[in-house]
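In listed order, ligands and their atoms are each counted from 1. Here, residue 1 is the first one in the sequence, and each next residue gets the next number.
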Amino acid sequence: VEIGSGIRDRLVARTLDAAPAGALIVVSDDTVCNLWAEEAFEWLNEQGRKVVAVRLPTGEGHKDLRTVERVWDAALDAGVDRQGLILAIGGGVVGDTAGFAASTLLRGVHFAQLPSTLLAMLDSSVGGKTGINRTHGKNLVGSFHQPRFVLCDLDLLSTLPEPERRSGLGEAVKSAWFAGDGALRHLEVNAAALLAGDASATASVVRMGVQTKASFVVRDEHDMEKRRLLNLGHTIGHGIEAASGFTLRHGFAVALGLIAAFRIARRLGACHSDELERMTSLLRRLELPIALDHYLSSQVMSFVALDKKREGETLQFVVPTKPGEAYLHSLTIAQLAALVRP
Ligand SMILES: NC(=O)c1ccc[n+]([C@@H]2O[C@H](COP(=O)([O-])OP(=O)(O)OC[C@H]3O[C@@H](n4cnc5c(N)ncnc54)[C@H](O)[C@@H]3O)[C@@H](O)[C@H]2O)c1
Ligand SMILES: [Zn+2]
């Protein structure tokens with residue numbers, strides 16, 4: 001994973017290194033295609049390789065099997081073999097979808113990422129989780145497939161709409177909890193700069209996110225125990241996201257899920273009310289949604305019941321304690337519903 005301004009100029013070299021032969025499949029969405037994927041396509045095309053572009057419809061609502069099929073078929077039409085590489089240029093939706101297509105095509109072709117949202121840079125492009133949604137809920141079908149390289153070029157954020165920037169900051173808050181007090185303070189102190197897209201504040205948040213994620217993934221790539229802690233804020237968050245019909249941005253749902261997790265932690269006596277207040281005020285400062293009770297419903301809890309980390313009647317809920325720390329706690333759906341109630 002490389003982070004910096006302008007580093008997309010390394011794309012050709014990294015691609016040739018990761019996949020010296022074989023077809024190159026460049027996957028982006030309707031929005032990112034014109035902004036950033038076309039130039040990358042041109043650079044790769046100049047290498048005299050078979051390069052095909054796949055342009056997916058934009059949005060979480062298209063993170064589905066139909067979209068995966070489009071990537072599979074475009075690659076197969078191009079005569080892809082196992083030396084081929086699928087390059088995702090876009091946000092987490094393009095990355096998760098293209099990554100899943102890469103992991104299943106011919107039982108696995110090379111994969112790489114040029115993330116274009118703040119969320120994708122600091123979280124989703126790193127760690128190798130891929131997947132798609134089902135009507136039953138988020139990311140219910142997926143795989144682990146590590147990218148050969150990730151280039152986080154901060155210049156790509158220059159065209160990112162402001163709500164998407166805030167959504168990325170929602171995910172950054174979760175990472176900062178595990179990075180510890182200093183990372184939380186960085187977000188608190190630089191909230192206005194981050195909202196305004198300040199380059200150096202943003203770069204340090206991306207580095208913090210990538211380092212935090214990597215530190216968990218190297219110890220537990222396949223999500224057996226330690227890595228599960230990174231699900232903080234995501235159990236209820238995913239339920240809220242699914243109940244919105246995937247119209248609520250992922251980072252916004254995570255912000256609400258964080259409020260839920262801290263409320264539950266306080267009720268379990270696992271964290272001090274100061275921590276809930278600190279989290280609430282940080283999310284408010286970052287202009288993220290915090291009105292949890294407005295979003296909670298029985299429908300949310302029925303999506304939570306389909307969580308992929310569920311084991312029988314119980315699920316492993318991530319309970320935060322103090323900055324840098326959290327633990328997994330078995331709760332039934334009924335206990336969870338009672339604990340999160342207003
Ligand atoms: N695999 C993982 O480990 C992991 C981790 C966190 C989140 N995720 C997933 O990531 C997804 C959310 O990702 P996201 O927030 O990047 O959403 P997204 O991919 O939908 O992108 C958000 C919007 O921004 C647009 N966009 C992207 N880059 C742009 C740019 N540079 N300029 C202008 N517009 C741009 C997109 O077209 C889209 O409309 C969710 O599906 C979530 O489940 C995965
Ligand atoms: Zn997330």
> When you look for protein heavy atoms under 4.0 Å from ligand 1, which residues do they belong to?
Replying inline: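 Heavy-atom contacts below 4.0 Å: D29, T31, V32, L35, W36, T58, E60, K63, G91, G92, V93, D96, S116, T117, L119, D123, S124, K129, K138, N139, L156, T159, L160, P161, E164, E171, K213, H250.
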> Which atoms form the tightest heavy-atom contact between R228 and E311, and what is the distance?
Replying inline: NH1-OE2, 3.4 Å
>> Please find the pair of heavy atoms, one from L194 and one from R165, that lie closest to each other, and give the distance.
In response: O-CD, 3.3 Å
> Going only through I, L, V, M, F, W and Y residues with side-chain contacts under 4.5 Å, is there a path from L106 to F144?
Replying inline: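 Each belongs to a different hydrophobic cluster.
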>> So, applying side chain to side chain donor-acceptor pair (under 3.5 Å) with W36, which one of D153, T31, T159 is it?
In response: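 Exactly one pass, corresponding to T159.
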>> Taking side chain to side chain donor-acceptor pair (under 3.5 Å) as the criterion, tell me which of R134, K63, K129 meets it with N139.
In response: K63
>> Quick one, H329 with Q335, criterion side-chain hydrogen bond (donor to acceptor under 3.5 Å, both in side chains). Give me CA distance, side-chain angles, the key distance, then yes/no.
In response: CA-CA 11 Å; H329 187 64; Q335 286 171 321; over 6 Å; no
> Taking the six-membered ring for Trp, are F216 and F178 parallel (under 30°), tilted (30 to 60°) or perpendicular (over 60°)?
Replying inline: perpendicular
>> Given a threshold of 2.8 Å, state how many protein N/O/S atoms are nearer than that to the Zn ion (ligand 2).
In response: 4
>> I want to know whether H110 and H145 have ring centres closer than 6.0 Å.
In response: no
> Is the side chain of R219 donor-acceptor paired with the backbone N or O of S215 at a distance under 3.5 Å, no angle test?
Replying inline: yes
